[in-house]
Chemist: 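Mind looking over this structure? Questions follow.
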Amino acid sequence: MRHLLHDLAARIRPDSRITILTGAGVSAASGVPTFRGPGGIWRTYKPESLATPAAFERDPQLVWEWYNWRREVLSQKQPNEAHRVIAAWSRRYPNFSLITQNVDGLHERAGTPNVVRFHGSIWEVRCWNRCPHSPVQWSDTTVPFPQIPPRCPHCDGLLRPGVVWFGEPINPAVLQRTQKSLNCDIFLTVGTSAVVYPAASLAHAAKACGAYTVEINIETTPSSNSLDLALAGPAEEMLPSIEALLA
Ligand code: BV8
């Protein structure tokens with residue numbers, strides 16, 4: 001494994017254009033439950049039963065109880081070494097992009113600027129009615145909400161979490177920023193099971209753009225065999241090991 005890390009570190013130059021895509025695996029060391037791993041959230045709840053507009057329409061109370069619980073859990077968590085190395089790289093490499101599928105805000109709290117939030121943020125809300133008086137989406141870090149489901153301050157209708165649910169499109173501006181970041185020298189996909197689209201297609205798209213593609217995961221995924229390098233290990237150890245070789 002060490003020679004693989006050396007090979008990767010040797011490829012990273014001061015002017016390298018680096019893009020990183022992260023999933024729940026980078027927050028695992030912070031104690032944030034993943035979706036599909038052991039003890040994962042989807043083991044308890046079916047995604048279709050909670051993370052869809054139809055589920056919200058059917059039972060906004062249940063959906064908000066789940067998001068309110070996740071927000072309470074997240075408010076006790078801190079970024080880990082994986083977040084911190086990514087934040088350090090975001091300041092060191094001039095052409096650096098971070099795309100995250102995570103909605104937990106831990107990359108921002110670790111200091112990474114301009115995070116591309118591919119699936120939105122659990123710390124943002126928007127009016128379910130999209131009422132004319134309310135902004136498109138805004139930050140609300142209330143934990144716990146005094147009232148479930150929370151109401152829009154502008155029209156007293158329902159608020160919804162500012163995340164992308166199954167069956168919902170990715171924000172076009174986010175897609176545009178993502179597309180530009182695929183034009184890079186090195187694309188790392190870290191801590192994602194690579195089963196949710198279109199996020200799972202990004203590493204292959206980057207490879208098609210000529211990037212050297214690397215996966216960091218504790219298990220193999222559907223992407224492992226088609227990328228240039230698959231590093232088997234936890235992100236909170238692998239990223240600091242690579243950083244140690246770069247420093
Ligand atoms: C869309 C936000 C179209 C909300 C999430 C059939 C085939 C293909 C696609 C589809 C299909 N049927 C439907 C679709 C589309 C669907 C999809 O892909 N479904 C899948 C399940 C088949 N996609 C969508 O609906 C997307 N939208 O397609 O829109 C459209 C276009 C125009 C107009 C209308 C519609 C939107 C999907 C977004 C869903 N939102 N989250 C919330 O969080 O509440 S999904 C959620 O799961 C995450 O955001 C993430 O994206 C996804 C995957 O999770 P991961 O982050 O990968 O986490 P997971 O637990 O799965 O894996 C953790 C990994 O980490 C594991 O591999 C583990 O080994 C590893 N790990 C653990 N510890 C560590 C580690 N690695 C390193 N170190 C460690 N320490």
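Bear in mind the structure is a predicted one, so any value in this text is a computation, not a measurement.
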Chemist: Any side-chain to backbone donor/acceptor pair from Trp123 onto Asp140? Under 3.5 Å, distance only.
Modeler: no

Chemist: Are Trp138 and Val143 linked, directly or through other ILVMFWY residues, by side chains that come within less than 4.5 angstrom of each other?
Modeler: yes

Chemist: Between Val85 and Met1, is there shared hydrophobic-cluster membership here, with clusters defined by ILVMFWY side-chain heavy atoms closer than 4.5 Å?
Modeler: yes

Chemist: Can you find a heavy atom in the side chain of His154 that is under 4.5 Å from one in the side chain of Pro135?
Modeler: yes

Chemist: Specify the closest pair of heavy atoms between Gly162 and Arg126, including all atoms of both residues, with the distance to one decimal.
Modeler: CA-NH1, 4.3 Å

Chemist: Looking at Trp89, is Arg91 sitting on its ring face, NZ or CZ under 6.0 Å from the six-membered ring centre and within 45 degrees of the normal?
Modeler: no

Chemist: Please name the pair of heavy atoms, one in Trp69 and one in Pro33, separated by the smallest distance, quoted to 0.1 Å.
Modeler: CH2-CG, 4.4 Å

Chemist: Check whether any side-chain N or O of Asn68 sits under 3.5 Å from a backbone N or O of Phe145 as a donor-acceptor pair, and report yes or no.
Modeler: yes

Chemist: Could you check whether any side-chain heavy atom of Phe96 comes within less than 4.5 Å of a side-chain heavy atom of Ile20, counting everything from C-beta outward?
Modeler: yes

Chemist: If you take all heavy atoms of Ala200 and Ser223, which pair is closest and at what distance?
Modeler: O-OG, 4.4 Å

Chemist: Return yes if some donor-acceptor pair links the side-chain N/O of Thr192 with the main-chain N/O of Thr22 below 3.5 Å, else return no.
Modeler: no

Chemist: Is it the case that one hydrophobic cluster holds both Val195 and Leu227, taking links as side-chain heavy atoms less than 4.5 Å apart, direct or via other members?
Modeler: no

Chemist: If only atom types and distance count, is the side chain of Ser30 paired as donor or acceptor with the main-chain N or O of Val32 below 3.5 Å?
Modeler: no

Chemist: Any sub-3.5 Å donor-acceptor pair from Asn129's side-chain atoms to Cys131's backbone N or O?
Modeler: no

Chemist: Quick check on the hydrophobic clustering: are Leu182 and Ile86 connected, directly or via other members, by side-chain heavy-atom contacts under 4.5 Å?
Modeler: no

Chemist: Is any side-chain heavy atom of Val196 less than 4.5 Å from a side-chain heavy atom of Phe35?
Modeler: no

Chemist: Would you give the length of the straight line joining atom CG of Leu202 to atom NZ of Lys207, rounded to the nearest 0.5 angstrom?
Modeler: 15.0 Å

Chemist: Would you check if Trp165 and Arg160 make a side-chain contact, meaning some heavy-atom pair closer than 4.5 Å?
Modeler: yes

Chemist: Does any N or O in the side chain of Ser27 come within less than 3.5 Å of the main-chain N or O of Ala24, such that one atom is a donor and the other an acceptor?
Modeler: no

Chemist: State whether the side chain of Thr213 and the backbone N or O of Asp228 hold a donor-acceptor pair below 3.5 Å, judged by distance alone.
Modeler: yes

Chemist: Say whether Glu215 and Ser224, considering side chains only, have a donor N or O and an acceptor N or O under 3.5 Å apart.
Modeler: yes

Chemist: Does the side chain of Val163 reach to within under 4.5 Å of the side chain of Tyr67, using non-hydrogen atoms?
Modeler: yes

Chemist: Side chains of Trp128 and Cys152, heavy atoms from C-beta outward: is any pair under 4.5 Å?
Modeler: no

Chemist: In Å and rounded to the nearest 0.5 Å, what is the CD1 to CG distance from Ile218 to Leu231?
Modeler: 14.0 Å

Chemist: Are the charged groups of Lys77 and Asp104 less than 4.0 angstrom apart, N to O?
Modeler: no

Chemist: Decide whether Thr112 and His83 meet the rule of one side-chain donor and one side-chain acceptor closer than 3.5 Å.
Modeler: no

Chemist: Does the pair Val164 and Ile170 meet the rule for a side-chain contact (heavy atoms from CB on, under 4.5 Å), with working shown?
Modeler: CA-CA 7 Å; Val164 179; Ile170 307 303; 4.0 Å; yes

Chemist: Compare all side-chain heavy atoms of Cys184 with those of Ser97 and state whether any distance is below 4.5 angstrom.
Modeler: no

Chemist: Heavy-atom count check: over 12 atoms from other residues, nucleotides or ligands less than 6.0 Å from Arg130 CZ?
Modeler: no

Chemist: Determine, step by step, whether Gln76 and Glu72 satisfy the side-chain contact (heavy atoms from CB on, under 4.5 Å) criterion, reporting the C-alpha distance in whole Å, the side-chain angles of both residues, the deciding distance to 0.1 Å, and the verdict.
Modeler: CA-CA 7 Å; Gln76 319 287 327; Glu72 285 199 79; 5.7 Å; no

Chemist: At their closest point, which heavy atom of Arg177 faces which heavy atom of Val115, and how far apart are they?
Modeler: NH1-O, 3.9 Å

Chemist: Check each of Arg11, Arg13, Arg17 against Asp185 using the side-chain hydrogen bond (donor to acceptor under 3.5 Å, both in side chains) test, and report the only one that passes.
Modeler: Arg17

Chemist: Of all heavy-atom pairs between Ala29 and Glu236, which one has the smallest distance, and what is that distance?
Modeler: CB-CD, 3.5 Å

Chemist: Taking all non-hydrogen atoms of both residues, which atom of Ala235 and which atom of Val26 are closest, and how far apart?
Modeler: CB-CG1, 4.2 Å

Chemist: Assess whether side-chain contact (heavy atoms from CB on, under 4.5 Å) is satisfied between Val174 and Phe118, documenting all intermediate values.
Modeler: CA-CA 6 Å; Val174 164; Phe118 206 68; 3.8 Å; yes

Chemist: Would Gln78 and Arg109 count as having a side-chain donor-acceptor pair, cut-off 3.5 Å?
Modeler: yes

Chemist: Go through it in stages, so that I can follow the logic: the residues are Glu65 and Gln61, the test is side chain to side chain donor-acceptor pair (under 3.5 Å), and I'd like the CA-CA distance, side-chain angles, deciding distance and then a yes or no.
Modeler: CA-CA 6 Å; Glu65 280 167 9; Gln61 174 85 20; 2.9 Å; yes

Chemist: Rounded to the nearest 0.5 Å, what separation is found between the OG atom of Ser16 and the CZ atom of Arg92?
Modeler: 11.5 Å

Chemist: Please answer: with hydrophobic residues joined when any side-chain heavy atoms are less than 4.5 Å apart, are Phe187 and Met238 in the same cluster?
Modeler: no

Chemist: For Gln176, I'd like to know if atom CD has over 12 heavy atoms of other residues, nucleotides or ligands within 6.0 Å.
Modeler: no

Chemist: Might you work through the side-chain contact (heavy atoms from CB on, under 4.5 Å) test for Ile99 and Thr19, ending with a clear yes or no?
Modeler: CA-CA 8 Å; Ile99 306 160; Thr19 297; 3.9 Å; yes

Chemist: Decide yes or no for Leu62 and Phe56: does some side-chain heavy atom of the first lie under 4.5 Å from some side-chain heavy atom of the second?
Modeler: no

Chemist: Closer than 3.5 angstrom, by distance alone: can the side chain of Thr142 be matched with the main-chain N or O of Pro144 as a donor-acceptor pair?
Modeler: no

Chemist: Look up atom CG in Leu8 and atom CG in Leu188, then write down how far apart they are to the nearest 0.5 Å.
Modeler: 6.0 Å

Chemist: Using 0.5 Å steps for rounding, measure from the CG atom of Asn95 to the NZ atom of Lys180.
Modeler: 10.5 Å

Chemist: Is it true that a side-chain atom of Arg71 and a backbone atom of Ile122 form a donor plus acceptor pair closer than 3.5 Å?
Modeler: yes

